[in-house]
Amino acid sequence: MPEVAVRPGNRLMDRPEYKSKQKPLTRSPDTTVFDAVSAMAEKNYGSVIIVDADSKVIGVATERDVMNKCLTSALMGPNRVI
C-alpha cells in the first residue's frame with residue numbers, strides 16, 4: 001500500500017475558510033432544554049453539541065429533536081434537561 005501523501009488542504013483545519021467558521025455551540029448534559037434552545041436562538045444555531053466534563057462529544061440536540069420530542073410531549077417543562 002502506498003504511503004499517505006502529504007497535501008496542503010487535506011485536513012479540514014488546513015483549509016483557508018476554517019478560521020472564519022463559527023465554533024460549535026456546546027453544553028453539558030445537565031443543561032435544560034430551555035437554556036439550550038435559548039442559546040441556539042441567540043446564536044442562530046440549529047443544534048447544540050452535548051459534551052462531558054472532558055469536552056468529549058456525547059450527543060447532539062437539534063431543533064428537530066426539540067420539536068418532535070419535547071414540544072409534543074406533555075412532560076415538557078422549564079427544568080427539563082437535554
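The figures that follow rest on heavy atoms only: side chains count, while hydrogens, waters and symmetry mates do not.
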* May I have the step-by-step check of side chain to side chain donor-acceptor pair (under 3.5 Å) for Ser38 and Asp35, ending in yes or no? => CA-CA 5 Å; Ser38 295; Asp35 290 340; 5.3 Å; no

Less than 3.5 Å apart, which donor and acceptor atoms pair up between the side chains of residues 43-52 and the rest of the protein, not counting sequence neighbours?
unit_1, atom_1, unit_2, atom_2, d
Tyr45, OH, Gln22, OE1, 3.3
Tyr45, OH, Lys23, O, 2.7
Asp52, OD1, Asp54, N, 3.0
Asp52, OD1, Ser55, N, 3.2
Asp52, OD1, Lys56, N, 2.8

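- Following chains of ILVMFWY side-chain contacts shorter than 4.5 Å, one can reach Met40 starting from Ile58, so the two form part of one hydrophobic cluster.
- The two residues Thr31 and Ala36 come nearest to each other via the heavy atoms CG2-N, 3.9 Å.
- Listed here is the closest heavy atom pair of Val60 and Asp65: O-OD2, 3.6 Å.
- Every side chain to side chain contact (heavy atoms under 4.5 Å, CB included) that Glu17 has, sequence neighbours left out, goes to Arg15, Ser20, Lys21.
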